[in-house]
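Just below is one structure, and these are the notes that go with it.
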Amino acid sequence: MINTGAASPSNFIRNIIREDVVNGKNHGRVRMRFPPEPNGYLHIGHAKAICLNFGLADEFGGTCNLRFDDTNPLKEGEEYIKAIKEDVRWLGFDWEGREYYASDYFDQLYAWAVQLIKDGKAYVDSLSPEEIRQYRGTLTERGKESPYRDRPVEENLRLFEAMRDGDFEDGACVLRAKIDMASGNLNMRDPVIYRVLHVRHHRTGDAWCIYPMYDFTHGQSDSIEGITHSVCTLEFEDHRPLYDWFIEQLGIHHPQQIEFARLNLTYTVMSKRKLMRLVDEGYVSGWDDPRLPTISGLRRRGYTPESIRDFCDRIGVAKKESMVDVALLEHCLREDLNKRAPRVMGVLRPLKVVIENYPEDQVEELDAINNPEDPSMGTRKVPFSRVLYIEQDDFLESPPKKFYRLAPGREVRLRYAYFIKCVDVVKDAKTGKVIELLCTYDPMTKGGDSHDGRKVKATLHWVSAVGSLRAEVRLYDRLFSRANPEESKDGTDFIAHLNPDSLDIMSSCRVESTLEGAVPGSHYQFERLGYFCVDTKDSSEEGLVFNRTVSLRDTWGKIKEAETRSKG
RNA sequence: UGGGGUGUCGUCAAGUGGUUAAGACACGGGUUUUUGGAGCCCGCAUUCGGAGGUUCGAAUCCUCCCACCCCAGCCA
């Protein structure tokens, strides 16, 4: 178990638990659990819940179980279990072998259902699904009792057994709790607790053809595991009275349920249904597409577990439904990577530069610092030669006032190399586009230091033509063009707000040769551009592929943007 | 009078009768700089959804009102 460390801000759940511990409730013990349904991949919203549950357990010297709520074999599967475990582990949490499944409790749940029947608290209903819906009433009108509600206990027992033995088709009947059809809380209007489902379960196989509903499973599973604080999201607030009712009828340990608001992030979607659709309909390349807020997507994008945990600590926990600015997530990432990522130079859109006064066949090895934030990371040698590449964005033939990079007649510094001055440009005869720069260098400025106090306004990153590698770089941007893609006044599908420029593949980039053999998944800062990582799926010895994790803060970009905006 | 929730800065979020109403992100300005990066400094809610009331004193207590979210799966 990792200790998320530094004083996280206080939140109401921690306050409740602290109070309980102080008062000796549950003998001062804290038992938490993270209970995903294995029917999809985990996303950053789950990370919030994971950090909360494991973090609180850790803080109060308690434990946190990983429990799969696998009560619906129609939608669940092994693939998801595997992915979920990998994600939780990657985030840095350890369930210390306490890996449980609601399906482990099927026998106990069945026995409890029988107990309820015997106590006259549950009955087998033979109404059709449609009829059950009609009998339930509406939000403002009370429901009607089923004609089967008063079947004798013996008959209920016999029928429930027959359900279990496979005597009924799917949907023919259900077991319902006998509570109150007039309740203002729909969950209390005789909720279905068992249904017939002739489906093979990924763990129990064909042992069962009836499966308990989530509502009849979740609370009792927590109870069985001795959970003290059962933390879940807001939409289950209405279910709490029902869970309490089961616990009370059964006379078993009563976990305390506490609800908090789920995480929403700007410029993305978080519901499993929507993520599933993006994957299934091919809008993204898979659950681990780097544009997705899934844990696997963030991982592939280059996010670190540390940055995600830091983010989860900073967003807080409350009951107010909120939308967190993705800029905060990016801030946490930059802060982490700034300290750890080695610096390297790479040119995304190469513009050829010829240093006319530099010897034809000479190649110099220049010293470059691996990370100015951390001297212990040392230095490396980068080759410099007569033909170089710089970024196309770093040259403008007629620069606006605030642009202080290279331009005709202007001098700039090449990082760790020399001052160079642009003396001429070569243009494509047909298009008129600048395709090459003719420059001179000042040998006295080796290493980048001016020898005469001469100042230069910009430092550019560059790469030597001879000592550099070709690479593909995938520039990722937000998946949606709207802060809240769900927000559609009427009927507009969230798909309509997909950002058409969320992926930009740069295929003729050049990176410095130190990147040869770079390890998949490793992080780098491409100086002046941003943080990038070696793609874990598509990068290889023959073809390096980098993903842009996040750009550096871009002051010039903002100036440009502000100016185009003011010009109208 | 269906039930359950929530409203504190652009976005999160502390605060639970006496604070100049924390902090973070964002934003703006300055400083520094061989990354227009990073760092550092400064600014950023006379006010807590609204209106009344209680009190020496209210974001915190009371009353009424308003806005928004969730619930009618044999999904979770």
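- Within the nucleic acid shown, Pro241(A) has no heavy atom closer than 4.0 Å to any nucleic acid atom.
- For the pair Arg176(A) and Tyr123(A), the cation-pi criterion (under 6.0 Å, within 45° of the ring axis) is not fulfilled.
- Set against rA76(B), rC25(B), rG36(B), the side chain of Phe403(A) has rG36(B) as its closest nucleotide.
- Taking the C1' atoms as reference points, rU6(B) lies 15 Å from rC12(B), given to the whole Å.
- For rA76(B), one of the phosphate oxygens OP1 or OP2 lies less than 4.0 angstrom from a side-chain nitrogen or oxygen of Arg195(A).
- Nucleotide rU63(B): paired with rA51(B) (Watson-Crick or G-U wobble, both distances less than 3.5 Å).
- With respect to Glu512(A), the salt bridge (Lys or Arg N to Asp or Glu O under 4.0 Å) criterion is satisfied by exactly one of Arg415(A), Lys381(A), Arg380(A): Arg380(A).
- For Asn371(A), no side-chain nitrogen or oxygen approaches OP1 or OP2 of rU35(B) to under 4.0 Å.
- Within the 4.0 angstrom heavy-atom criterion, only backbone atoms of the sugar-phosphate kind lie near Arg314(A); the bases stay farther away.
- The residue Thr140(A) sits close to a base: some heavy atom pair falls under 4.0 Å.
- Nearest nucleotide to the Thr138(A) side chain, out of rG37(B), rA72(B), rA13(B): rA72(B).
- Glu527(A) comes within contact range of at least one nucleobase, with a heavy-atom separation under 4.0 Å.
- When the C1' atom of rA76(B) is taken as reference, atom CG of Leu234(A) falls 16 Å away, rounded to whole Å.
- A close approach under 4.0 Å does not occur between any side-chain nitrogen or oxygen of Arg262(A) and OP1 or OP2 of rC70(B).
- Nearer the 5' end of RNA chain B, as judged by each residue's closest nucleotide, is the contact made by Lys558(A), out of Glu37(A) and Lys558(A).
- The side chain of Leu552(A) lies closest to rG37(B), out of rA14(B), rG37(B), rG3(B).
- For CD of Glu169(A), the number of neighbouring non-hydrogen atoms (other residues, nucleotides, ligands) closer than 6.0 Å is 12 at most.
- Counting distance only, with no hydrogens placed and no angle test, the side-chain atoms of Asp238(A) and the base atoms of rG3(B) include a donor-acceptor pair under 3.5 Å.
- Between Arg136(A) and the phosphate of rC74(B), there is a side-chain N or O to OP1/OP2 separation shorter than 4.0 Å.
- The phosphate of rU35(B) has neither OP1 nor OP2 within less than 4.0 Å of any side-chain N or O from His461(A).
- Of the candidate nucleotides rA14(B), rA76(B), rA26(B), rA76(B) has the atom nearest to the side chain of Phe236(A).
- The partner of rC68(B) is rG5(B), judged by Watson-Crick or G-U wobble contacts that both fall below 3.5 Å.
- The Tyr214(A) side chain lies nearest to rA76(B) when the options are rA76(B), rC25(B), rU35(B).
- Val317(A) comes within contact range of the sugar-phosphate backbone alone, with a heavy-atom separation under 4.0 Å but no base atom that close.
- Atom C1' of nucleotide rC68(B) and atom CE of Met323(A) are separated by 14 Å, given to the nearest angstrom.
- In this structure, rG73(B) is classed as syn because its glycosidic torsion stays within 90° of zero.
- Atom P of nucleotide rG73(B) and atom CZ of Arg176(A) are separated by 12 Å, given to the nearest angstrom.
- In this structure, NE2 of His239(A) is placed 9 Å from C1' of rC70(B), rounded to the nearest angstrom.
- For Asn187(A) and rG73(B), the CG to C1' distance is 11 Å, given to the nearest whole Å.
- Within the 4.0 angstrom heavy-atom criterion, only backbone atoms of the sugar-phosphate kind lie near Asn15(A); the bases stay farther away.
- Taking 4.0 angstrom as the limit, Lys75(A) places none of its side-chain polar atoms (N or O) nearer than this to OP1 or OP2 of rA76(B).
- With hydrogens and angles ignored, no donor-acceptor pair under 3.5 angstrom links the side chain of Glu321(A) to the base of rG7(B).
- With a cut-off of 3.5 Å on both pairing distances, the Watson-Crick or G-U wobble partner of rG18(B) is rC56(B).
- For Val324(A), the side-chain atoms get nearest to rC12(B) when compared with the rest of rG4(B), rA14(B), rC12(B).
- Distances were taken from every side-chain heavy atom of Ile559(A) (C-beta onward) to each of rA14(B), rG36(B), rA26(B); the shortest belongs to rG36(B).
- At the phosphate of rC68(B), neither OP1 nor OP2 sits under 4.0 Å from any side-chain N or O atom of Lys320(A).
- Contact annotation: Arg142(A) does not reach the phosphate of rG3(B) (side-chain N/O to OP1 or OP2, under 4.0 Å).
- Atom CZ in Phe260(A) sits about 18 Å away from atom C1' in rG4(B), given to the nearest Å.
- Two rings, from Tyr211(A) and Tyr194(A), have their centers 6.0 Å or more apart.
- Taking the centre of each ring, Tyr41(A) and His46(A) stay at or above the 6.0 Å mark.
- Among the nucleotides rA76(B), rU35(B), rC74(B), the one closest to any side-chain atom of Arg343(A) is rU35(B).
- Of the nucleotides present, rC27(B) is the one that pairs with rG43(B) by Watson-Crick or G-U wobble criteria, both distances under 3.5 Å.
- When each of Gln257(A), Arg67(A), Gln256(A) is tested with Asp222(A) by the rule side-chain hydrogen bond (donor to acceptor under 3.5 Å, both in side chains), just one qualifies, namely Arg67(A).
- Among the nucleotides rG4(B), rG73(B), rC25(B), the one closest to any side-chain atom of His331(A) is rC25(B).
- In terms of phosphate contacts, Ser128(A) brings no side-chain nitrogen or oxygen within less than 4.0 Å of OP1 or OP2 of rC74(B).
- Along RNA chain B, the nucleotide nearest Leu460(A) and the nucleotide nearest Ile315(A) are compared for position; the residue whose nucleotide lies closer to the 5' end is Ile315(A).
- The local environment of CZ in Arg18(A) is crowded, with over 12 non-hydrogen atoms from other residues, nucleotides or ligands closer than 6.0 Å.
- Ring-centre distance between Phe526(A) and Phe532(A): below the 6.0 Å cut-off.
- At the phosphate of rC75(B), neither OP1 nor OP2 sits under 4.0 Å from any side-chain N or O atom of Thr71(A).
- Closest approach to the Thr459(A) side chain among rC25(B), rG15(B), rU35(B) is made by rU35(B) (side chain taken as heavy atoms from C-beta onward).
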